[in-house]
Amino acid sequence: MCGIVGYIGNKQATPIVIDGLKRLEYRGYDSAGIAVHNIGEPIKFLKNAGRVAKLETEVNKNVPLGTVAIGHTRWATHGAPNDINAHPHKDCTGKIHLVHNGIIENYVSLKNELDQAGHKFSSDTDTEVLAHLIESLFRGTLEDAVAQALSRVRGTYALAVISEGDPAKIVAARNSSPLLIGIGEGECLLASDPSAVIAATKKVVFLEDGEMATLTPEGFRIKDLGGDELLKRLVEIPWTLEEAEKSGHAHFMHKEIFEGPEVVANTMRGRIMVDEGLVKFGGLENYAKHLANTERLILTGMGTAYHAALIGEYLFEEIAEIPTEVEYAAEFRYRHPILDNHNKATLIAVSQSGETADTLAAVREAKRRNVFTMGIVNVVGSSVARETDAGIYNHAGPEIAVASTKAFLSQITVLTMASIFLGRMRNLEITRAKELLAELVALPDKMSRILEQEQVFIDLANWLKDAEHVFFLGRKYNFPIALEGALKLKEVSYLHAEGYNAAEMKHGPIALIEPSFPTIAIVPQDSVYEKTISNLEEIKARGGPIVAIATEGDERILKVADAAIFIPKTLEPILPVLTTIPLHLLAYHTAVARGCDVDKPRNLAKSVTVE
């Protein structure tokens, strides 16, 4: 939800940290700051409300020298996004500086205690309490003070601390908020996301909850909070710096929408055997017996990942014939779900980042109850990937825009393949499996045909941008896509939009229909086509304008809809991949037409790592 970058080595740290912050700005952009230590001199720091570019302008006026630095880009939780609340925060002496992601739940009681001891606070944040708490415990060794401070903290954190009193080191720790160490030649980097270190190194070590690291130019060591030293596995980041650049596109969101065909192809690569009617997942091979006997699936996620899970419910029940339910991850552990039959149930967590706090909490609750867990994640080495019993990587590459597009397409693709994988262990006939797999393989070309119609979306966006409210309607497999379309339009254009099952309109929402209230209807020629047409006739009769997402060759739709976007024919379970693309493109171009900051929508961050 916020971004952390740190550097210690033999180079000037300021430009390295600023570059890392720019790569992490999609995680938070309310404010930014940097603290730099030139050993033997006082720590220098700069911070301000606003984007990293504003911080960079100030830094460039008088670049702080030093080979040790920590930086932060913030998405506000406690305290308004202003200069005072921006990170880094310091103690009373100004000798200890730290940056922090997460929420300190008991900060009020700690602050009261420190206040009574004479500490003076200057911000409204929970984070500043950490700096003063470490100050109160510091006796010459920074890692000892940090460990003692964290033993008193209740909440979530990823943090980095530097001190004039114990120089030439960065102390870092994590609990339920991502943090990694990048390993270079004579240098170490610290970040909350691999994209911040990829320009310097592809070799990283991921910290786990309850672990603390000390970074020096010579290397790093990691201990648990009890002081026991730990050995960690080195991981290589599987993508390049170039993959995270815009490559000539105006926005990352535009680039990532147009990467959709390649992403879907990469998601399937090496996993589909059409002639045998089989799907192969290396991460599931050792768990085939459990999965073959699974009697109940629980899918969980938040936001866009939740919409993918809703599609998975249709897929697993129709193709694999397994009873499936979908849970908001945020509600899962609080509603006391019944999970007695742990040998026959599987929880599947869907998360692009693999760090979504609510989804991670759902995984941990399921594991606490001995339920088998699977992860569908995009980020290698992420928390969900590490903590689930088994999993499937999306292979979508880095996704920088806050609004998820290509990762959502890869999630749907993985869920479709997984339903076939499980179905072939049960009653799914090989002929049906081969038919579905052949259509999956054909998807990238069909997706490209939709993207070639971009001017249609630009024209529709110029009409839609003046609306105040928009309905998105779909049925069966495309009901979750209606929810996704509404979410994307809200996220990036700030238009009020609602997604509904088309049949639900006549149970209340149709009262809102009037000529100024457009409807985006997903109405391909599927098993509920006639019923959806009937629902649209009700809207048309009340003067509501309709834009339809329809199947190529459907002439009837233009008698109901005012305009149509046509997609290629495919099998019904495969439709969501194709029907998603028009809605993502429409949201993008509407946001552009309205002058919105497409990649960094207001009030949003890429990865929600706090509850």
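It should be emphasised that the depicted structure is a prediction, and the values quoted were computed from it without experimental measurement.
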Do we see a donor-acceptor contact under 3.5 Å between the side chains of Asp115 and Asn112?
no
More than 12 heavy atoms of other groups within 6.0 Å of Ile84 CD1
no
Would one find more than 12 heavy atoms of other residues, nucleotides or ligands at under 6.0 Å from atom NZ of Lys95?
no
Considering only NZ, NE, NH1 and NH2 on the basic side and carboxylate oxygens on the acidic side, decide whether Glu399 and Lys406 come within less than 4.0 Å.
no
Spacing of Tyr7 atom OH and Ile34 atom CD1 [to the nearest 0.5 Å]:
12.5 Å
Which is it for Asp126 and Lys111 under the salt bridge (charged side-chain N to carboxylate O under 4.0 Å, His left out) test, yes or no, and what are the steps along the way?
CA-CA 8 Å; Asp126 55 334; Lys111 186 173 184 179; over 6 Å; no
Does Ser493 reach the main-chain N or O of Lys490 with its side chain, forming a donor-acceptor pair under 3.5 Å?
no
Electrostatic pair Glu285:Lys280 at N-O distance under 4.0 angstrom:
yes
Exam field: side chain Asn378 to backbone Ala396, donor-acceptor pair closer than 3.5 Å
yes
Stepwise salt bridge (charged side-chain N to carboxylate O under 4.0 Å, His left out) test for Arg152 and Glu113:
CA-CA 12 Å; Arg152 300 198 55 200; Glu113 177 187 321; 2.7 Å; yes
Is a side-chain donor or acceptor of Asp597 paired with a backbone partner of Pro601 at a separation under 3.5 angstrom?
no
Interatomic distance, NE2@His87 vs NZ@Lys47, rounded to 0.5 Å, equals 8.0 Å
Check whether any side-chain heavy atom of Val492 lies under 4.5 Å from a side-chain heavy atom of Met253, and answer yes or no.
yes
Quick one, Lys203 with Glu236, criterion salt bridge (charged side-chain N to carboxylate O under 4.0 Å, His left out). Give me CA distance, side-chain angles, the key distance, then yes/no.
CA-CA 5 Å; Lys203 296 177 180 178; Glu236 185 151 331; over 6 Å; no
Can you tell me if His584 uses its side chain to pair, donor with acceptor, with the backbone of Lys488 under 3.5 Å?
no
Taking the side chain as C-beta and beyond, is there a heavy-atom pair between Leu215 and Lys169 under 4.5 Å?
no
Taking all heavy atoms of Val36 and all of Thr14, pick out the closest pair and write down the distance.
CG2-OG1, 3.4 Å
Would you check if there is a donor-acceptor pair between the side chains of Gln12 and Thr67 at a distance under 3.5 Å?
no
Can you find a side-chain donor-acceptor pair between Ser404 and Gln352 that sits under 3.5 Å?
no
Does a donor on one side chain and an acceptor on the other come within less than 3.5 Å for Glu135 and His119?
yes
Give, for atom CG of Leu98 and atom CD1 of Ile170, the distance between the pair rounded to the nearest 0.5 Å.
12.5 Å
Can you tell if the side chain of Leu585 reaches within under 4.5 Å of the side chain of Phe258, non-hydrogen atoms only?
yes
Sequence neighbours excluded, the answer for side chain to side chain contact (heavy atoms under 4.5 Å, CB included) partners of Arg221 is Glu143, Thr214, Lys223, Glu229
At what distance, to the nearest 0.5 angstrom, does CG of Leu284 lie from CZ of Arg271?
9.0 Å
His97 versus Asp91, side-chain donor and acceptor atoms under 3.5 Å:
no
Can you find a heavy atom in the side chain of Val59 that is under 4.5 Å from one in the side chain of Pro64?
yes
Under 4.0 Å between a Lys/Arg side-chain N and an Asp/Glu carboxylate O for Arg364 and Asp209?
yes
Between Asp358 and Thr356, is any side-chain donor less than 3.5 angstrom from a side-chain acceptor?
no
Looking at Phe45, I'd like to know if the NZ or CZ of Lys90 sits under 6.0 Å from its six-membered ring centre while staying within 45 degrees of the ring's axis.
no
Less than 4.5 Å apart, any side-chain heavy atom of Asp83 and any of Ser31?
no
For a quick check under 3.5 Å, do Asn101 and Ser177 share a side-chain donor-acceptor pair by atom type?
no
Which atoms form the tightest heavy-atom contact between Thr201 and Ile237, and what is the distance?
O-CD1, 4.1 Å
Full working for salt bridge (charged side-chain N to carboxylate O under 4.0 Å, His left out) between Lys232 and Glu211
CA-CA 11 Å; Lys232 301 290 290 185; Glu211 294 181 353; 2.9 Å; yes
Check whether any side-chain heavy atom of Met268 sits under 4.5 Å from a side-chain heavy atom of Pro444, and report yes or no.
yes
Polar contact flag, side-chain donor to acceptor under 3.5 angstrom, His89-Glu128:
no
Indicate whether any N or O donor in one side chain lies under 3.5 Å from an N or O acceptor in the other, for Ser109 and Arg154.
no
Can Arg594 be said to sit on top of Tyr494's aromatic six-ring, NZ or CZ under 6.0 Å from centre and within 45° of the ring axis?
no
Does any non-hydrogen side-chain atom of Thr405 lie less than 4.5 Å from one of Glu259?
no
Any Tyr306 side-chain heavy atom under 4.5 Å of Thr300 side chain
no
Working to the nearest 0.5 Å, report the span between CG of Leu207 and CG of Leu179.
5.0 Å
Compare every heavy atom of Ala145 with every heavy atom of Phe138, then report the nearest pair and how far apart it is.
CA-CB, 3.7 Å
Determine, for Glu56 against Lys22, whether the closest basic-nitrogen to carboxylate-oxygen distance falls under 4.0 angstrom.
yes
Between Thr373 and Glu387, which heavy-atom pair has the shortest distance, and what is it?
OG1-O, 4.3 Å
Between the CD1 atom in Ile348 and the CD1 atom in Ile376, the distance rounded to the nearest 0.5 Å is 5.5 Å
Minimum heavy-atom separation for Val52 to Leu21, with atom names?
CG2-O, 3.9 Å
May I ask you to check whether Glu454 and His589 show a side-chain donor-acceptor distance below 3.5 Å?
yes
On the 0 to 90° scale, with breaks at 30° and 60°, tag the His254-Tyr588 ring pair as parallel, tilted or perpendicular.
tilted
Check Val384 against Gly375 and note the closest heavy-atom contact, atom names and distance.
CG1-CA, 4.1 Å
